[in-house]
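Structure first, then comments.
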Amino acid sequence: MAFRGNLLVVLVLAASAIATGKSARLELVPAAPGASMAERAMDDRHRHTYITQKIASGRGGSRRVAAEVGASAVSLPVSSGAYAGTGQYFVKFLVGTPAQEFALVADTGSDLTWVKCNGAGGATPPGRVFRPADSKSWAPISCSSDTCKLDVPFSLANCSAPTSPCDYDYRYKEGSAGARGVVGTDSATIALPGGKMVQMQDVVLGCSSTHDGQSFQAADGVISLGNSKISFASRAAARYGGSFSYCLVDHLAPRDATGYLAFGPGPAPKDSTPAAQTQLLLDPKMPFYGVKVEAIHVAGKALDIPAEVWDAMKNGGTILDSGTTLTVLATPAYKAVVAALSTHLAGVPTVAFPPFEHCYNWTARRPGAPEIPKLAVQFAGSARLEPPAKSYVIDVKPGVKCIGVQEGESPGLSVIGNILQQEHLWEFDLKNRLVRFKQSTCTR
Ligand SMILES: *[C@@H]1O[C@H](CO)[C@@H](O)[C@H](O)[C@H]1NC(C)=O
Ligand SMILES: *[C@@H]1O[C@H](CO)[C@@H](O)[C@H](O)[C@H]1NC(C)=O
């Protein structure tokens, strides 16, 4: 079976929500086949570097870092595969009046929603672009506004006249193209099933006149699902009951399988299994969703992992990230997990499949050979994530499975990627600073 790449998210409201106006729901649809698992692993590494740098710069104060880097702005997500679009989820997003349509990467690690744009100045990027001049509802934000000064990440410190536009410059690293543009507000349109449209006013939107072309071949930009004043998720959640949720279908699911992204309370679930819940650890300077891991169990046994690995105060800690494919574990956790899993799978013939360290020829596996042991992630508050085996011993090509976690530096951040999150419903209750999750097939 060929690997599926990107999943396309289409904004759709649940039928029950149309009547109440209390929730909005987006459908997730598998899109075109994408890159190999090895390429995704590489993308994830770049993204991990970006997140780590962003957290480091946030701890030092991003404005100060911006000043130190000199002139323009600081590092951000854009180049080097941080957004290559492989193994990520896309949202169909309509913006402007009349609406212009885009496919955006759904990113819990991002605070600013932006689209490729033909705004004043920079050259028009190839492909689909937003034309602010054609939108009656587009309103630029000035560089002297509080939104620009306080909330827009990596806005340029340069504000020569108070009414000048609010410029931003996202760079992954020195010398990369990054994404530059101006910030404004516009209305976003959500498509209801049956074709009815609902508008959200004053969505903060970056209009990128330049961007790193390689990272954005598939996507037209990014929809911010991070925790920040200006993120789309925060704004939509504020309108729809304080929370948003998503359910990711198996990344290998057939093309017609759909997951969803929803704002507000969803329709009552068919089964009554209560969701597990744990605290969201939010940092006002960071869009990321921190969670407190207490232990990882393999085959029912808690692994021996030092507590510092899970301690954000000691440069460890864990975030949930929709934009990372493969889970990254800081060295001691990584080593403990692969040792436990590979010990259990010792009877299965191995095969080389870099960059993965432990891969198995599943075709050559003899009847009666060991099964993949159960893995569970224990969060604070007795919340336990028990992903299906295919979410951590993953199919990398027909007949070959690999232990699908990556090693991160130590001390360092661990990231729960979207494969480990698949086939679960995740509700980010921003109002109460909780995340709830439960197993789900993501069908409605
Ligand atoms: C700041 O703005 C001035 C006037 O628009 C411009 O000449 C200058 O190049 C800008 N500096 C930076 C670092 O963008
Ligand atoms: C797996 O084992 C089978 C049977 O021994 C063999 O034919 C096949 O080539 C192996 N696959 C890989 C990827 O090594």
Side-chain angles (χ1 to χ4, degrees), residues 1-7 30-48 80-81 84-89 217-218 248-257 296-301 303 323-329 331 333-377 386-408 414-424:
M1 176 187 202
F3 257 99
R4 296 284 173 202
N6 309 319
L7 298 179
S36 72
M37 206 31 94
E39 287 171 277
R40 293 184 191 191
M42 193 49 72
D43 290 347
D44 287 338
R45 299 225 61 87
H46 289 302
R47 185 174 173 88
H48 191 258
S80 289
T86 58
Q88 291 178 325
Y89 294 82
Q217 280 166 353
L248 309 178
V249 289
D250 180 353
H251 66 290
L252 296 175
R255 209 173 253 248
D256 57 358
I296 296 183
H297 299 252
V298 170
K301 268 183 64 185
L303 303 180
T324 295
T325 303
L326 296 161
T327 291
V328 178
L329 296 173
T331 300
Y334 172 82
K335 286 205 151 58
V337 166
V338 297
L341 292 176
S342 60
T343 301
H344 277 88
L345 293 171
V348 184
T350 57
V351 58
F353 196 88
F356 299 99
E357 282 192 293
H358 296 276
C359 298
Y360 301 95
N361 184 340
W362 220 252
T363 334
R365 181 176 167 273
R366 279 190 298 278
E371 298 289 335
I372 299 166
K374 282 209 178 318
L375 177 143
V377 182
E386 293 178 319
K390 64 182 178 184
S391 296
Y392 51 93
V393 180
I394 59 173
D395 293 286
V396 296
K397 68 175 195 181
V400 177
K401 290 182 193 287
C402 296
I403 297 179
V405 290
Q406 299 208 76
E407 181 174 0
S414 295
V415 179
I416 296 178
N418 60 38
I419 292 187
L420 207 64
Q421 296 176 41
Q422 71 189 5
E423 296 192 350
H424 281 74

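This is a predicted model, so every value here is computed, not measured. Order of appearance sets the numbers: ligands from 1, and atoms from 1 within every ligand.
The aromatic rings of Phe353 and Phe356 lie parallel to each other, their planes meeting at an angle below 30°, with 60° marking the opposite boundary.
Between the side chain of Gln421 and the backbone N or O of Ile416 there is at least one donor-acceptor pair closer than 3.5 Å. A donor-acceptor contact shorter than 3.5 Å is absent between the side chain of Ser391 and the backbone of Pro387.
Between Glu371 and Arg365, at least one side-chain nitrogen of the basic residue sits less than 4.0 Å from a carboxylate oxygen of the acidic one, meeting the salt-bridge criterion.
Annotation for ligand 2: atoms under 4.0 Å from non-hydrogen atoms of Asn361 are 1 (C), 2 (O), 3 (C), 8 (C), 10 (C), 11 (N), 12 (C), 14 (O).
The nearest protein heavy atom to atom 9 (O) of ligand 2 is not closer than 4.0 Å.
Scanning the protein heavy atoms around atom 5 (O) of ligand 2, the nearest turns out to be Ala364 CB, 4.0 Å.
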